[in-house]
**Student:** 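Structure in C-alpha cells, see below.
First listed ligand is number 1; within each ligand, the first listed atom is number 1.
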Amino acid sequence: MSRLEGKHILLGITGSIAAYKSAQIARLLVKEGAEVKVVMTELAKQFITPLTMATLTKNPILIDFFDPTNSSWNSHVSLGIWADAYLIAPATANTIGKMANGIADNLLMTSYLSAKCPVAIAPAMDLDMYKHRTTQSNLKQLKEDGVMIIEPGDGELASGLVGKGRMEEPEAIVEEMVRMLQGKQTRDLENKKVMITAGPTVEKIDPVRYISNFSSGKMGYAIAEECARRGATVELISGPVSITTTEKNIRVTHVESADEMWAEAKAKFADCDYAILAAAVADYKPKNTAKEKIKKQHDSQGMTLELIENHDIAAELGKEKKNGQKLIGFALETENESINAEKKLKAKNFDFIVLNSLKDKNAGFQHDTNKVTIIKQNGEKKEFGLKTKKEVATDIVNELTRN
Ligand code: CTP
C-alpha cells in the first residue's frame, strides 16, 4: 500500500522510552510511500540512535540548530514549510508543556512553532504524569490550538505501573496519519447526537458488596471518542470505570446501577440520532439491598441471594426507536456466538450488532484489543481481524455512517 505516496512527514522524537517505537513508525510511514525527515531532541538520542533513524528514513537526522559537521543552518522555517504533516511521537510531558506554552528551546520546538501543516502528537509518559492536571490542561490547550492528540493506551508502563500513558502502537499512529493526510478524518457526524453506554453496572447487595462484571469501558469510550472526533455531540453514560476522556464534545454522565443507566438512557434516547450500547449491563440485581452490612451466619447453611431482573435497556430502546434513529448493540458470547448474536439483533431491534467472542485471544473485557464481527439486519456479516479498540471503534462508526 502506498497511501502516503509523495507526502512529506516530519517525525519529531522526544526523550521517552517509547522512542524505540519511533523506528517502527518511520518504517511504516516509508512503506506507505512517505518521505520522512526526523528531528530529535538531545535526550531522545539516549533512547534511539540517530543512525537507526537515518538508516530507516535515508535522510540525515536533525538535532541542533546548526549542522555540527559543516555549521550550516538547519532551518526550522523551511522544515515547517516542507512538511505536509508533523508527527511528534513519542511526545513527553515536557514537550507537551513546551508546545502549550510556546517554549522554543530546541529544533523540534522551533519547527513546531513554524509548522504550517497539521500537527499530531502521540503522548507517552507514566500514568500519574498523564493524569496530572497540568498535563491535562496542556493537552486541552493543544487541542484548542488544533493539534491532533493520538491518545495513549492503557497498559503496563516502563515503570512497572499499569495505567494510561503508554504510547499508542505504531500501526495505529500511522493509520491516524493516513486519515489525517487523506483528509479522511471526515466530519461525517457533524450535527449528529450520539448516545453511548459504556462500562459495567454495579448492583449493590449491601453497603460494602455488589454484583458486577469485568467490563473496563474501553470499547465504549473508544467509540465515544471516535464519534466526537467525527463531529458528533456525544452523551456518554458510563458505569464505574477507571478510564477518562479528554475529548471535547463528550458529556459523561456517571451511573452505578442498571436502573440508573436505564433512567439516563431513556431520558436521552429520544433526542439522539444514534445510540450505541456498549455497556455490560447486569441482567439481575438483588431483590433487596440490605441497609446494613450483612453479617456472616455461623450455622453452616450457606447463603441464598434472591435476584430480580433489571430493565433490558436495549430491548426497551429498540421498541421506542423512531424512523431515522439507529440503535447498535454488542454481544459478548462464549458459545454459539453467531446464533446468539443474531437472536439479540432481532429481539432488541438493533440496526446491527457487534459480536465479540471471549474465546478469541486478546479480545473482549479489559484488553486494549478486540476482534469483532458486525452482523446486519439483512444477515450480512463482516469479520474483522484483531485490532486496537480505537481501530475497532473506527470500523463500527464507519458502519454506522454507511447508508
Ligand atoms: N443490554 C442492555 N440492558 C441489559 C442487558 C443488555 O442494554 N439489561 C445491551 C448491551 O449493552 C448489549 C446488548 O444488550 O448491547 C446485549 O447484551 P448481552 O448482555 O450480551 O445480552 P443479554 O440480552 O443480557 O443476553 P445474555 O446475557 O443472556 O447473553
**Student:** Output yes when K389 and E226 qualify as a salt bridge under the 4.0 Å nitrogen-oxygen rule, no when they do not.
**Tutor:** no
**Student:** Donor-acceptor pair, N378 side chain versus E380 backbone, under 3.5 Å?
**Tutor:**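 A pair under 3.5 Å: yes.
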**Student:** Identify the protein heavy atom lying closest to atom 6 (C) of ligand 1, giving its residue, its atom name and the separation to 0.1 Å.
**Tutor:** K348 NZ, 3.6 Å
**Student:** Salt-bridged, E35 to K58, with N to O below 4.0 Å?
**Tutor:** no
**Student:** Would you check the N or O atoms of A282, main chain and side chain alike, for any that come under 3.5 Å of an N or O of ligand 1?
**Tutor:** no
**Student:** Counting neighbours of CZ on R251 that are heavy atoms of other residues, nucleotides or ligands and sit closer than 6.0 Å, is the number greater than 12?
**Tutor:**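 Incorrect, the count does not exceed 12.
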**Student:** Nearest protein heavy-atom contact for atom 12 (C) of ligand 1: which residue, which atom, what distance?
**Tutor:**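 Scanning the protein heavy atoms, the shortest distance from atom 12 (C) of ligand 1 goes to F330 O, 3.2 Å.
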**Student:** Which residue, K387, R166, K390, forms the salt bridge (Lys or Arg N to Asp or Glu O under 4.0 Å) with D368?
**Tutor:**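 That would be R166.
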**Student:** Starting from atom 8 (N) of ligand 1, which protein heavy atom do you reach first, and at what distance in Å?
**Tutor:**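 Going by distance alone, atom 8 (N) of ligand 1 is nearest to H311 O, 2.9 Å.
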**Student:** Output the distance between atom CG (L332) and atom CZ (F214), rounded to the nearest 0.5 Å.
**Tutor:**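 Reported value, rounded in 0.5 Å steps: 12.0 Å.
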**Student:** May I ask you to list the atoms of ligand 1 that are less than 4.0 angstrom from any heavy atom of A314?
**Tutor:**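 In order of number, 2 (C), 3 (N), 7 (O), 9 (C), 14 (O).
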**Student:** Return the residue, atom name and 0.1 Å-rounded distance of the protein heavy atom closest to atom 4 (C) of ligand 1.
**Tutor:**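 In this structure, atom 4 (C) of ligand 1 has V281 CB, 3.5 Å as its nearest protein heavy atom.
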**Student:** Consider every N or O of E333 and every N or O of ligand 1, then say whether any pair is closer than 3.5 Å.
**Tutor:**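 In this structure, E333 places no N or O atom under 3.5 Å from an N or O of ligand 1.
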**Student:** Among all the protein's non-hydrogen atoms, which is closest to atom 26 (P) of ligand 1, and how far away is it?
**Tutor:** K344 NZ, 3.8 Å
**Student:** Does A280 reach ligand 1 with a nitrogen or oxygen that is under 3.5 Å from one of the ligand's nitrogen or oxygen atoms?
**Tutor:** no
**Student:** Below 4.0 angstrom, counting only protein heavy atoms, does anything approach atom 18 (P) of ligand 1?
**Tutor:** yes
**Student:** At what distance, to the nearest 0.5 angstrom, does CG of L87 lie from CE of M180?
**Tutor:** 8.0 Å
**Student:** Compute the minimum heavy-atom distance from N310 to ligand 1 and say whether it is under 4.0 Å.
**Tutor:**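 Checking ligand 1 against N310, which is what was asked, there is no heavy-atom contact under 4.0 Å.
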**Student:** Enumerate the atoms of ligand 1 whose separation from the nearest heavy atom of A279 is less than 4.0 angstrom.
**Tutor:** 10 (C), 11 (O)
**Student:** Where is the nearest protein heavy atom to atom 3 (N) of ligand 1: which residue, which atom, and how far?
**Tutor:**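 Closest protein heavy atom to atom 3 (N) of ligand 1: I313 N, 3.1 Å.
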**Student:** Going by the order shown, which atoms of ligand 1 are within less than 4.0 Å of some heavy atom of G329?
**Tutor:**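 Atoms satisfying the 4.0 Å criterion: 15 (O).
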**Student:** So does E151 pair up with K143, basic N to acidic O under 4.0 Å?
**Tutor:** yes
**Student:** Any chance you could measure M195, atom CE, to L236, atom CG, to the nearest 0.5 Å?
**Tutor:** 10.5 Å
**Student:** Just to confirm my output: which protein heavy-atom neighbour is closest to atom 28 (O) of ligand 1, and how far is it?
**Tutor:**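 Here the nearest protein heavy atom works out to D283 OD2, 4.4 Å.
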**Student:** Salt-bridge test for E399 and K376: reply yes if a basic N is under 4.0 Å from a carboxylate O, no otherwise.
**Tutor:**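 The answer is yes: the pair qualifies as a salt bridge.
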**Student:** So which heavy atom in the protein is nearest atom 15 (O) of ligand 1, and how far is it from that ligand atom?
**Tutor:**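 For this ligand atom, the closest protein heavy atom is L277 O, 2.7 Å.
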